[in-house]
Amino acid sequence: MRKSLSRAVLGATVLSLAALGLPASATAATAAPERSVTDIVPLPVQAKADPKANFTLSPLTVIRAGKGTNQVADYLRGLLRPATGYPLPVVPVNAGLPAISLDLGHADSRVGTEGYQLSVAKSGVTLQANTADGLFEGVQSLRQLLPSAIEAKSVQFRKWTIAGGTVLDYPRFGTRGAMLDVARHFFNPAQVKTYIDQLAQYKINTLHLHLADDQGWRIEIKSWPRLATEGGKGAADGDPGGYYTQAQYKDIVAYAASRHISIVPEIDMPGHTNAAQSVYAELNCDGVAVPPRTDTEVGYSSLCIDSPTTYKFVEDVIRELAAITPGKYLGIGGDEAHSTSDPDYKAFYAKVNPLVAKYGKLITGWHEIAKSDLPATAMPEYWDQGGANPDLAAFAARGGKVLMAPSNHAYLDMKYTEDTPLGQDWAGLVEVKDSYDWDPATLVPGVGESSVSGVEAPLWTETIRTNDNIEYMAFPRLPGLAEIGWSQQSGRDWDTYRVRLAKQSPRWVAQGIDFYRSPQVDWK
C-alpha cells in the first residue's frame with residue numbers, strides 16, 4: 001500500500017510539473033532564510049532556531065494531513081502552490097516522501113485551544129495542535145519561515161527553504177480582534193475578504209463589522225427592508241453607499257470561518273441611528289423622518305426611548321442578525337449617545353440587553369454600556385485613553401471581562417504624523433511605537449490581566465475609501481496590536497520588535513500591501 005501510494009503521488013507530481021513547464025529536477029540558487037523562528041510576529045512563547053535543520057520544499061514534498069486536519073491542510077496547500085508551482089498533494093500518510101505533517105490531539109497541554117507546536121528539521125516539518133484553530137495559527141507562523149516570495153501569486157523559480165528550529169506557542173488573550181467600519185464608507189464583500197486574509201496571517205481571530213451608523217445602514221433586515229435599500233444609499237462626504245444582502249453577509253461569515261475568524265456584527269444604538277431614522281419616521285418621537293446625513297458629526301441622533309416601536313425595531317434587528325451569525329456575540333453599540341439622557345440610556349438597555357440573550361447571543365458593545373445592568377457574560381469594549389472608569393472596574397469586580405481598544409493606541413484611523421494624508425487626530429497622533437508600547441492589563445485601574453478578554457484594533461472609515469487606504473492605516477500598526485493580544489507581556493520589547501517588524505515588510509511587498517514606512521523602523 002505504501003509503495004503504491006508513493007508511486008501515485010510521484011506520478012501526479014511529475015505530471016503536474018510537466019503541465020507547468022517545470023522540470024521535475026529543477027534547481028535554484030541557495031539562499032539563507034530571510035527570517036528564523038525567533039523573528040515570528042506575533043512573538044512566540046518559546047522559539048529556538050536551528051540553522052542546521054532547515055527544510056527545503058521540493059516537487060516531491062507532500063502535506064500529510066492527520067485526522068481532522070484536512071481543512072487546514074487544504075488552506076496550507078493553497079498558500080504554497082501559486083509561488084512554488086509544486087503539486088503538494090494532501091495525503092493521509094507521507095508515503096516515504098518529504099512532508100509537512102499536520103497533527104491534531106497530540107500537542108503539549110500548555111498550548112491549549114489556540115496554541116501549537118512547530119518543528120522544522122531537515123527531514124520534514126511537523127505542526128501539532130489540540131484544535132484546528134491552533135493548527136491554523138501554527139500555519140501562519142510556518143508561512144513566515146519561508147522566503148517572502150511565497151506570497152506571490154505566480155510561479156517563482158527559486159529555492160524554497162523553511163528556517164529550521166522549534167516553536168511552542170499559545171496566546172495571552174482569547175480575543176484578538178479588528179473592527180472595520182463599513183457604515184461611514186461601504187466596503188463590498190470582496191474588499192472585506194481581502195482584509196480578512198490580511199488579518200488572519202497575524203493570528204487575529206475576530207472581525208467586528210460596524211454595520212450601521214448615521215451615514216448608512218449596511219445589512220438587509222427583511223422585516224424592515226428600507227433600512228438597507230434606502231438607508232444604505234449614502235456614505236460619508238456624499239460618496240456612494242451600499243449594503244450586504246443576508247446571503248452576502250452569510251458568505252462573508254463563512255469565508256471568515258475558513259480563516260478561523262469569527263464575525264461580530266454591530267448595530268449601534270441608541271445613538272448613531274440617523275440612517276434608520278431617515279427612512280422610518282416611526283423611529284422618531286415626533287413621527288417625522290429626519291434628513292439623511294453625510295457629514296461626520298457624532299452625538300446628535302437618538303432612538304425614541306419611550307416608544308414601543310423602538311423595541312419592536314431593535315428586537316427584529318437582533319432576531320434577524322442572530323439567525324445569520326454563528327458567533328457568540330452581537331454588538332449593540334452604546335457609544336456617544338449624547339442626545340440620550342442618562343436615565344433614558346439605562347432604561348433603553350434594561351429592555352434591550354435581555355433581547356440579546358433571548359436570541360442565544362452574548363452582548364458586546366462600547367464601554368458606556370457598562371453603566372447599564374450588564375450580565376457578567378457581556379464584553380464591553382473600552383475605547384477611551386486610559387485612566388479610572390468606575391463602571392468598568394465594578395463590572396470587572398463582578399467577574400466580567402473587558403475588550404481593550406484605546407483610541408490613542410489601537411485606533412487604526414488615527415494619523416501617524418501631522419502629514420499623514422488619511423485619518424483623524426482627535427485621539428492624538430499614533431506612530432508605530434505608540435501603537436505597540438502599552439499593556440492592556442494596566443490601562444484602567446481595577447481591570448487587570450484576569451479581567452481583560454483581549455485587544456481590538458478598530459478602523460473607522462470617515463476618510464477611508466479603498467483597500468489601499470485600509471492597508472496604509474493598518475500596516476505596520478496591525479501586527480503590533482496583534483502581538484499585544486497574542487504574546488506574553490514579559491517577552492515584548494519595542495527595540496527587538498521593531499527589528500522583527502522590519503523583516504515582515506518584504507512579505508507585504510510581495511502581497512501588494514500598501515504600508516506606511518515609519519521612520520521609527522529600519523526597513524531593509
Side-chain angles (χ1 to χ4, degrees), residues 178-199 207-222 224-253 255-256 263-269 271-281 283 289-301 317 320-321 324 331 333 336 411-415 420-424 458-475 512-514:
M179 187 215 78
L180 182 62
D181 169 19
V182 297
R184 270 52 177 273
H185 278 102
F186 179 68
F187 293 85
N188 65 40
Q191 291 176 301
V192 175
K193 289 177 181 179
T194 295
Y195 197 41
I196 287 170
D197 280 330
Q198 292 167 352
L199 297 173
L207 175 59
H208 164 187
L209 290 178
H210 185 77
L211 290 169
D213 213 299
D214 293 314
Q215 297 81 6
W217 186 283
R218 306 302 182 202
I219 182 69
E220 176 189 21
I221 302 296
K222 294 180 186 293
W224 298 72
R226 291 166 48 219
L227 287 170
T229 58
E230 296 181 34
K233 286 181 178 178
D237 298 326
D239 290 340
Y243 68 91
Y244 309 116
T245 66
Q246 291 195 7
Q248 288 174 320
Y249 173 81
K250 288 190 284 188
D251 179 61
I252 291 171
V253 168
Y255 188 85
I263 297 293
V264 176
E266 181 205 351
I267 301 295
D268 214 342
M269 56 181 93
H272 289 282
T273 51
N274 196 83
Q277 292 176 293
S278 71
V279 295
Y280 283 104
L283 297 179
V290 298
R293 296 276 293 256
T294 61
D295 60 291
T296 57
E297 292 299 315
V298 299
Y300 58 83
S301 58
V317 171
E320 292 196 32
L321 266 184
I324 57 176
E336 298 175 324
Y411 271 31
L412 297 177
D413 54 300
M414 290 299 113
K415 290 175 175 284
T420 304
L422 301 167
Q424 306 179 88
L459 178 53
W460 299 99
T461 63
E462 287 91 341
T463 68
I464 309 301
R465 293 175 170 85
T466 67
N467 277 95
D468 278 350
N469 293 165
I470 290 173
E471 292 162 6
Y472 186 79
M473 301 306 283
F475 289 87
I513 289 176
D514 180 22

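The figures here come from the full heavy-atom set of this structure, side chains too, leaving out hydrogens, waters and symmetry mates. Nothing fancy with the numbering, it's 1 onward along the sequence.
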For Gly512 against Glu471, the heavy-atom pair lying closest together: O-OE1, 3.7 Å

All heavy atoms of Glu462 vs all of Ala236, minimum pair found to be O-CB, 4.2 Å

Provide the closest heavy-atom pair for Ala235 versus Pro240 in the form atom of the first, atom of the second, distance. CB-O, 3.5 Å

For Ile513 and Gln198 the tightest heavy-atom approach is CG1-NE2, 3.8 Å

What one should report as the nearest heavy-atom pair of Ala183 and Ala212 is CB-C, 3.8 Å

For the backbone of Gln248 and the side chain of Asp251, can you confirm whether one donor and one acceptor N or O come within less than 3.5 Å of each other? no

Measure up the Tyr244 and Phe186 rings against each other and bin them: parallel (under 30°), tilted (30 to 60°), perpendicular (over 60°). tilted

OH-CD1 distance between Tyr195 and Ile470, expressed to the nearest 0.5 angstrom: 6.5 Å

Pairwise distance OG1(Thr294) to NZ(Lys233) - rounded to 0.5 angstrom: 15.0 Å

I'd like to check Leu209 versus Leu180 (side-chain heavy atoms, cut-off strictly below 4.5 Å). Are they in contact? yes

Rounding to 0.5 Å, atoms OH (Tyr249) and CG (Leu321) come to a distance of 6.0 Å

Return the set of residues passing side-chain contact (heavy atoms from CB on, under 4.5 Å) with Gln246 (not counting sequence neighbours), or none when no residue passes. Glu220, Lys222, Glu320, Ile324

Sorted by chain and number, sequence neighbours left out, salt bridge (charged side-chain N to carboxylate O under 4.0 Å, His left out) with Arg293 holds for Asp295

Below 4.5 Å, heavy atoms only, C-beta onward: do Trp217 and Ile267 meet side chain to side chain? yes

At what distance, to the nearest 0.5 angstrom, does CD of Gln424 lie from CE of Met473? 9.0 Å

Do you know which two heavy atoms are closest between Arg465 and Asp237, and how far apart they sit? NH2-OD2, 3.1 Å

With sequence neighbours left out, write down each residue that passes side-chain contact (heavy atoms from CB on, under 4.5 Å) with Tyr411, or none if nothing qualifies. Trp366, Trp383, Ser407, Asp413, Met414, Trp426, Pro458, Trp460

Interatomic distance, CG@Leu283 vs CG@Leu227, rounded to 0.5 Å, equals 7.5 Å

Could you check whether any side-chain heavy atom of Val253 comes within less than 4.5 Å of a side-chain heavy atom of Tyr255, counting everything from C-beta outward? no

Ring pair (Phe, Tyr, Trp, His ring centres under 6.0 Å) involving Phe187 - partner list, sequence neighbours excluded: none

Who are the side-chain contact (heavy atoms from CB on, under 4.5 Å) partners of Thr463, not counting sequence neighbours? Leu422

Mind running side chain to side chain donor-acceptor pair (under 3.5 Å) on Asn467 and Thr194 for me, showing each step along the way? CA-CA 8 Å; Asn467 277 95; Thr194 295; 4.7 Å; no

Measuring from Tyr300:OH to Asp214:CG, what's the distance to the nearest 0.5 Å? 3.5 Å

Those residues at least two apart in sequence (or on a different chain) that pass side-chain contact (heavy atoms from CB on, under 4.5 Å) with Val290 are Asn274, Gln277, Ser278, Asn284

Short question: side chain of Asp181, backbone of Thr461 - any donor-acceptor pair under 3.5 Å? yes

Looking at Tyr280, is Arg226 sitting on its ring face, NZ or CZ under 6.0 Å from the six-membered ring centre and within 45 degrees of the normal? yes

Among Gln215, His185, Arg184, exactly one meets side chain to side chain donor-acceptor pair (under 3.5 Å) together with Asp239. Which residue is that? His185

